[in-house]
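If you're wondering where the values come from, they're calculated on a predicted model, not measured in any experiment. Quick note: residue numbers are just sequence positions, from 1.
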Amino acid sequence: MKTTRALAILSARLIPVLIPVLIPVLIGTASSAAGLPTAALAAATNCTVAADSGAAVPQSASGAAAVRWTIGVAKTMNVPVRAQIIAVMVMYQESSLRNLANDGSSPQVSWPSPGRAYWLSVTRLSLKYPHDRFGSLDGAHDTDSIGLYQQRPAYGWGSYGSSTGTSDPEGVVQRLLDPRWEAMAFLGGPASASSNTGLLNVPGWQNMTLTDAAEAVQGSSFGSLYAQWEPSATRMVDNNQDAPAVGLPWYRGGGSGALSCTSMPTNPALGEAGHNPVGSLDVADLQGTSVRLAGWTFDPDASNGVVAVDMYDGGTYLGETLANRQRDDVNRAFNVLGQYGFDSVVPLSGVGQHSVCAYALNIGRGTGNPQIGCRVVDVPGPIGALDVVTKQLDGQISIAGWAADSQVAGRPVQVHVYVTGPNGTRGTPGIYTGDPRPDVTRAFAWAGPAAGFHATVPNQGWGDTTVCVFAINATPANGNPLLGCQNISVRDAPPIGTVDRIDVVGDQAVVSGWDFDPNAPATSIQAHVYVGSAGLAFTADQPRDDVNRVFGITGGHGFTGAVHLRPGNNTVCVFAIGVRFGNNTLITCRTVTSGASAKALLPSTAPQAPLAPAVSTSPAVPSAADPSVASSPVTSASVAPPPVTSSAAKPRSATSATPSLSTRTGTASPTATVPSTTASP
């Protein structure tokens, strides 16, 4: 009874042996299979035989070639297409459309006369002749089966007249590796010269299902498995109907002669040296601190088996996977059927460059476990970018960016910010990622969804300032890479204010409005009102809830003050005086006339917040930081906030835009100069 093949899995991990091997490049066509060492040349001298001995022509016949041989023979024998499909279904299941030799390694115990040892020695003769594959895991090891249909010399397949497995074993083996004989013997019928019962000899085969008809010929223990190949076989037969008819050298009743130079090797190594696996490592993608390795491999000696792949990082064993995934491109390129792809994720240890290699473990005979590819993978420390540096109205500095560390993939990363200005350098620690950054996630999936950071840090004095950000490595010995530096100019924001109205009554003008300093928004600052060169100072400390609502501040910021007018026209100018020396803003200048009761009204409008400047955000694809730049982490002692400057009155220099003023109710100093009305003081 014939048994079907089962996929075998090599479970033991072998230490790779570094043997050079030619790795064919997949080009998507069956012609690329020509680079494989698929055929074994004859190991014995060909015999001179009588014409009627039925000498055959063993040859490699795989894939479409095997199908076309079958169709060509069927046309010569006048066998219908239905029978052709059944034949191809059997070849799919039994040999994956390959003309298989056999190494005589069958574990079967029961054999017909003259016994097991004899028939296994006959089987080994197949190694002498061209064939497609063989091997202990190739499906040809279960019995003494040979050829496309996996027929057995011990049970008469291949016998032609008096040339039988006992009288002419070499002739039988030759015929079982000749695709013409194989097709003729399987199809059977009146045109067949084989003594075996073929498909056309099965009564009522035309009315059976294709699977039952195939089983009636093969006598398989798992006949239902033929059914899975019906669509593929139908397609192959339909697509190859242009195959020409193939003439047969055999005729019914022939084969009276027999070969007399039979050679039966008892050591399979005498017939064939064996092949090592072939394959390729196609992908080595970093995924955090792991690497995804993918590729393909199969063993020509056992292409129906499953090759194990061992993975190494230098001399460190990473793990083992099986090449049992679908790779249609490999099937097309090598004209084979099976699942030869592998895809596995294995961990790497430590940052830096890793040389990752894959080894295919040999099945059956061969010289070793070839390396099928190596890739260099660079595991980075923290990466990231400083995207935004802006100065806030109060002089503090806002930053934003992103950071990710493959050593703690997906977890928060700490960044330290260093601000260097006129007062030196100050570091701010304890800033962590946690902001959504989908652009970073798209570029580095292992970084996680929240690789962004933002913070507000103190400045280091008013003037040119450099802001640098470092990512703190989860592995301290590897250093803290610089994510980026940006230069900004830290200057006071000018005071803001409005004169709501000027009321003139006789020789006095009453000025009303509001002002505040964004650098100290809760502080009530002064408003200086000038009439010509004389001025008075008023503190803007009156309630102005409308101003507080608009600007989101607290404190009193309204002012009202009366100033003396000279006869005739007078120019009235109002300045907002900032808390920091020299930071003053001209609010407005108006011309009013003293004398009879009059009123100069300014447009009364609600206070309006100034427009915020546009801020540039990070690029769509984040840039990696230079990992060679590092800095030591700062301590909390070095990050104390700068002292707050007092908002008390201060002396004005000769360059100040506003002169020194007396108290709110006093008069202007006679030595004061008139401020410019066209520029902020």
Side-chain angles (χ1 to χ4, degrees), residues 393-395 492-505 508-565 570-590 592 600 602 604-610 643-653 656-675 677 680-681:
L393 291 178
D394 60 0
D492 279 328
I496 300 171
T498 296
V499 173
D500 295 327
R501 59 191 299 154
I502 300 177
D503 295 322
V504 179
V505 180
Q508 283 196 333
V510 179
V511 182
S512 300
W514 59 269
D515 64 7
F516 75 92
D517 189 337
N519 304 292
T523 301
S524 296
I525 63 174
Q526 290 186 342
H528 288 189
V529 181
Y530 283 84
V531 178
S533 60
L536 290 175
F538 304 93
T539 301
D541 56 2
Q542 299 172 4
R544 284 299 297 262
D545 293 339
D546 56 339
V547 174
N548 290 353
R549 283 194 304 271
V550 170
F551 292 96
I553 59 178
T554 60
H557 301 293
F559 65 85
T560 300
V563 294
H564 182 75
L565 300 177
N570 293 262
T571 298
V572 178
C573 295
V574 182
F575 293 85
I577 308 303
V579 297
R580 188 175 293 278
F581 176 71
N583 186 28
N584 308 317
T585 299
L586 172 64
I587 297 177
T588 190
C589 284
R590 291 289 186 271
V592 298
L602 279 72
S604 179
T605 59
Q608 300 291 321
V644 178
T645 305
S646 171
S647 61
K650 58 188 75 63
R652 308 297 187 188
S653 69
S656 174
T658 56
S660 298
L661 297 176
S662 64
T663 63
R664 179 173 177 175
T665 58
T667 58
S669 167
T671 60
T673 57
V674 179
T677 60
S680 299

Item to check | Euclidean distance, Tyr530 OH relative to Asn570 CG, rounded to 0.5 Å | outcome: 16.0 Å
Checklist entry - Can you tell me how far the CZ atom of Phe575 sits from the CG atom of Leu586, to the nearest 0.5 Å? => result 4.5 Å
Checklist entry - Parallel, tilted or perpendicular: which fits the ring planes of Phe551 and Trp514, with parallel below 30° and perpendicular above 60°? => result tilted
Next on the checklist: For the CD atom of Gln542 and the OG atom of Ser512, what is their distance to the nearest 0.5 Å?
Outcome noted: 7.5 Å
Item to check | Nearest heavy atoms of Ala540 and Asp515, plus distance in Å | outcome: CB-OD1, 3.0 Å
Checklist entry - What is the distance from atom CD1 of Ile525 to atom CZ of Phe559, rounded to the nearest 0.5 Å? => result 9.0 Å
Checklist outcome for this item: Sorted by chain and number, sequence neighbours left out, side chain to side chain contact (heavy atoms under 4.5 Å, CB included) with Pro521 holds for Phe516, Ile553
Checklist entry - Please walk me through it: do His557 and Asn548 pass side chain to side chain contact (heavy atoms under 4.5 Å, CB included)? => result CA-CA 8 Å; His557 301 293; Asn548 290 353; 3.3 Å; yes
Next on the checklist: Keeping Asn583 on the side-chain end and Pro495 on the backbone end, is there a donor-acceptor pair under 3.5 Å?
Outcome noted: no
Checklist entry - Side-chain contact, heavy-atom cut-off 4.5 Å: Val511 with Val572? => result yes
Next on the checklist: Check Asp500 with Arg544, please: is the shortest side-chain N to carboxylate O separation under 4.0 Å?
Outcome noted: yes
Checklist entry - Hey, are the side chains of Pro494 and Ile496 touching, using non-hydrogen atoms and a 4.5 Å cut-off? => result no
Next on the checklist: Once side chain to side chain contact (heavy atoms under 4.5 Å, CB included) is applied, do any residues pair with Ala509, and if so which ones, sequence neighbours excluded?
Outcome noted: Ile502, Val504, Val563, Leu565
Item to check | Those residues that, when tested against Asn519, pass side-chain hydrogen bond (donor to acceptor under 3.5 Å, both in side chains) (two or more places apart) | outcome: Asp517
